[in-house]
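Below is one structure, written out as structure tokens; comments come after it.
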Amino acid sequence: MDGTSATEETRGTSATGQTRDGRSEGDAVVVTRGLTKRYRGGQLAVDGLHLTVPAGSVFGFLGPNGSGKTTTIRMLMGLIEPTSGTAHVLGRPMPRSARAVLPHVGALIEGPALYGFLSGRDNLLRYDAADPTADPRTRTARVTAALDRVGLTAASGKKARAYSLGMKQRLGLAAALLRPRRLLVLDEPTNGLDPQGMREIRALVRELATDGTTVFLSSHLLDEIEQVCTHVAVMARGRLITQGPVAELAAGARGRLVVTTPDPADAARVLKEQGLADVVADGDRVSAEPPARDLAEVNAALVTAGVRVRGFAVERASLEDAFVALTGEGFDVAG
Amino acid sequence: MSRAEMVSAPVAEASVRPRPLWTLGLFHDELRTTFRRWRTLALLGVLAAVPVLVGIAVRIETGDGSAGGGGGPAFVSQITSNGLFLVFTALAATLPFFLPMAVGVVAGDAVAGEAGAGTLRYLLVAPAGRTRLLLTKYATVMVFCLAATLVVAVSALAAGALLFPLGDLTTISGTRITFGEGLVRALLIALVVAASLLGVAALGLFVSTLTNSGIAAMATTVGLLITVQILDQIPQLHALHPYLFSHYWLSFADLMREPVYWDDLTKNLGLQALYAAVFGSAAWARFTTKDVTA
């Protein structure tokens with residue numbers, strides 16, 4: 001599975017360079033077409049995935065636990081052979097071109113895995129030695145730089161089994177950053193980190209993205225995706241539900257007009273009279289679908305009717321609202 | 001012209017042509033990692049202790065001047081007259097079980113242990129290359145076979161020199177050879193014993209590719225080792241015996257004949273090569289196609 005000729009591979013992208021709707025995908029870093037994985041025993045883990053990750057994006061890969069995210073990532077990394085369909089990473093087919101593609105890819109898959117009896121530094125030296133294209137002369141310097149980047153310099157001599165989960169996570173990230181990468185695949189990178197650690201990782205992801213690295217970030221945390229990602233794909237039960245820029249997706253789900261008032265019954269009546277749909281009163285909050293006309297008129301009507309208004313605002317739809325709208329179910333339901 | 005080519009071009013270019021000696025970086029690291037494990041050192045420590053115990057036992061038993069009985073491992077009765085024979089005795093005593101068990105532990109854990117710890121997926125995305133990783137693992141297990149055998153031999157030589165006189169020795173055929181030549185024979189025997197373990201090593205490596213549990217792979221390999229040893233003792237199965245990897249193990253004693261009797265020695269080495277080829281190929285076929293889900 002290792003030897004592949006480079007001349008043949010360069011045409012890999014053009015074969016998949018057009019989507020079905022004809023749009024060019026030339027700058028896509030990951031392209032899958034009908035990617036499917038059925039495990040022995042018949043369980044369909046990933047079902048006909050058409051995924052396109054644009055170059056330079058921070059791509060959020062979102063879905064509940066068990067929705068097929070990790071299986072997809074493993075197929076992209078050449079660890080699992082797809083049952084059918086194709087996956088191209090950096091323009092070359094996987095898993096056939098793994099040896100050529102993977103040196104340009106840093107990955108954190110399903111949490112870090114370390115040799116407990118080796119120090120943090122020796123763990124990184126080993127992973128770097130596993131890459132035949134990594135220059136042994138710069139190995140020590142690159143390991144030192146990677147440790148520094150994730151803030152583990154002080155603990156680099158400790159045995160990895162003594163690391164906390166957060167430190168292990170950082171060391172896993174350091175392994176992904178041993179060389180300049182064109183694609184970073186980070187599967188749940190903030191797992192086990194404290195809030196400060198999470199912020200640091202998010203800052204790191206943004207910094208890497210600014211340097212031009214495409215980041216493929218899987219998570220089951222909606223706000224995490226919302227904070228750092230430019231694009232997002234949503235999976236549930238092995239199927240891709242939607243993908244696109246984060247802003248577009250959130251805009252797809254409409255916001256709600258929320259009125260905070262000590263007179264909720266009156267407010268609800270007025271809003272209905274004004275022709276607003278789906279009016280819901282909940283304590284001192286009355287919400288409704290925002291109308292197409294000027295909201296100032298609605299507010300004026302409330303005040304004219306003697307409703308005391310404390311707050312009047314349109315709450316923007318969150319990604320979670322979008323997700324619920326797309327799947328028709330709560331987010332924490334495992335597929 | 002299209003951005004597609006711009007994106008894919010650098011990959012093709014930088015392509016990552018494996019350097020000369022491209023597998024050695026991982027091999028060095030694998031050796032370092034294996035021999036720094038507490039478990040490996042413990043196994044070698046046990047192996048080093050066996051000849052010392054045998055030497056002390058023989059010394060105590062023969063302290064009253066009697067030459068000991070005819071029982072026990074090969075060469076044991078000659079130890080008192082020449083400490084060098086402790087090397088042969090120790091190898092004969094450890095080859096049926098201690099040595100192959102140690103090899104089974106290291107070989108069984110080679111791939112399955114990495115899979116169980118999850119480190120296998122990171123080695124593969126590094127990318128180590130599946131064939132390269134498997135070759136590295138087998139080469140490391142081979143080095144361990146040699147190291148384990150040499151530990152037994154050197155420990156036996158040291159214990160033998162301390163507890164018993166050294167000097168010229170008598171071969172099985174009754175001829176006299178010098179102590180120097182005896183040492184050369186001892187080294188040859190150690191090499192043959194190390195080579196005798198290559199079949200178990202390949203078997204262990206194959207078992208190791210079948211599971212994600214290092215413990216399960218070790219237990220299976222050692223279990224197979226015991227089963228084969230038992231089968232080799234059942235006379236009714238004599239038709240099967242020439243194909244059991246342990247059948248010709250003790251033929252290394254033939255190196256102590258004058259002239260050397262090569263018949264069983266070649267059969268042993270051929271059988272080990274056959275096991276290495278069959279189970280090495282099976283391990284390769286399995287490992288290069290398996291889904292890495294751990």
Side-chain angles (χ1 to χ4, degrees), chain A residues 1-2 6-7 9-14 17 24-29 37 39 55 71 74 77-81 90-92 97-107 109-118 122-123 125-136 139 172 175 182 185, chain B residues 1-34 36-41 113-133 136 287-294:
Chain A
M1 63 175 293
D2 293 331
T7 43
E9 296 307 329
T10 41
R11 295 207 310 266
T13 310
S14 48
S24 171
E25 284 179 357
D27 51 357
V29 166
K37 180 65 187 182
Y39 283 116
T71 301
R74 282 179 181 269
M77 297 294 98
L79 293 172
I80 291 183
E81 190 94 23
L90 301 175
R92 310 183 79 180
S97 298
R99 287 285 292 281
V101 168
L102 292 179
H104 302 277
V105 180
I109 308 162
E110 262 191 305
L114 306 167
Y115 299 88
F117 58 98
L118 294 180
D122 285 339
N123 267 284
L125 288 171
R126 175 160 172 80
Y127 284 134
D128 198 64
D131 180 355
T133 66
D135 190 346
R139 182 160 295 151
R182 294 176 53 205
V185 175
Chain B
M1 133 215 129
S2 79
R3 294 189 61 185
E5 279 150 6
M6 284 170 56
V7 167
S8 51
V11 179
E13 231 174 80
S15 234
V16 189
R17 220 155 274 122
R19 293 156 208 276
L21 303 178
W22 55 279
T23 53
L24 291 188
L26 182 57
F27 179 52
H28 284 157
D29 193 81
E30 181 69 29
L31 281 181
R32 249 169 26 114
T33 307
T34 304
R36 273 164 73 186
R37 293 200 94 147
W38 182 86
R39 188 180 61 214
T40 312
L41 299 178
E114 300 267 9
T119 45
L120 180 61
R121 61 175 183 268
Y122 287 109
L123 290 177
L124 290 181
V125 301
R130 296 194 184 204
T131 306
R132 175 175 174 245
L133 184 60
T136 303
F287 188 57
T288 50
T289 54
K290 96 175 204 171
D291 281 350
V292 177
T293 51

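Just so it is clear: chains get the letters A, B, ... in the order the sequence lines come, proteins before strands, and each one is counted from 1. Keep in mind that the numbers below use all heavy atoms, side chains included, and drop hydrogens, waters and symmetry copies.
- Of all the listed residues (B/Val292, B/Leu123, B/Leu120, B/Leu133), the one sharing the greatest number of non-hydrogen pairs under 4.5 Å with chain A is B/Val292.
- For chain B, the nearby part of A/Asp122 is the side chain; its heavy atoms alone come within less than 4.5 Å.
- Listed options A/Gly111, A/Gly172, A/Ala107, A/Gly116 were ranked by heavy-atom pairs under 4.5 angstrom with chain B; first place goes to A/Gly111.
- In this structure, chain B has heavy atoms under 4.5 Å from both the backbone and the side chain of A/Ile109.
- For B/Arg37, the side chain to side chain contact (heavy atoms under 4.5 Å, CB included) criterion is met by A/Phe117, B/Arg39, B/Thr40, B/Asp109, not counting sequence neighbours.
- Proximity of a side-chain donor or acceptor of B/Thr119 to a complementary backbone N or O of A/Ala113 within less than 3.5 Å is not detected.
- Between the side chain of B/Arg36 and the main chain of B/Arg32, no donor-acceptor pair closer than 3.5 Å is present.
- For B/Glu114, the part lying near chain A is the side chain, with the backbone staying farther off; criterion is any non-hydrogen pair under 4.5 Å.
- Without hydrogens or angle criteria, B/Arg132 side chain to A/Ala130 main chain gives a donor-acceptor distance under 3.5 Å.
- Side-chain contact, A/Tyr39 with A/Thr71: a donor N or O sits under 3.5 Å from an acceptor N or O.
- Interface residue A/Arg74: only side-chain heavy atoms are found under 4.5 Å from chain B.
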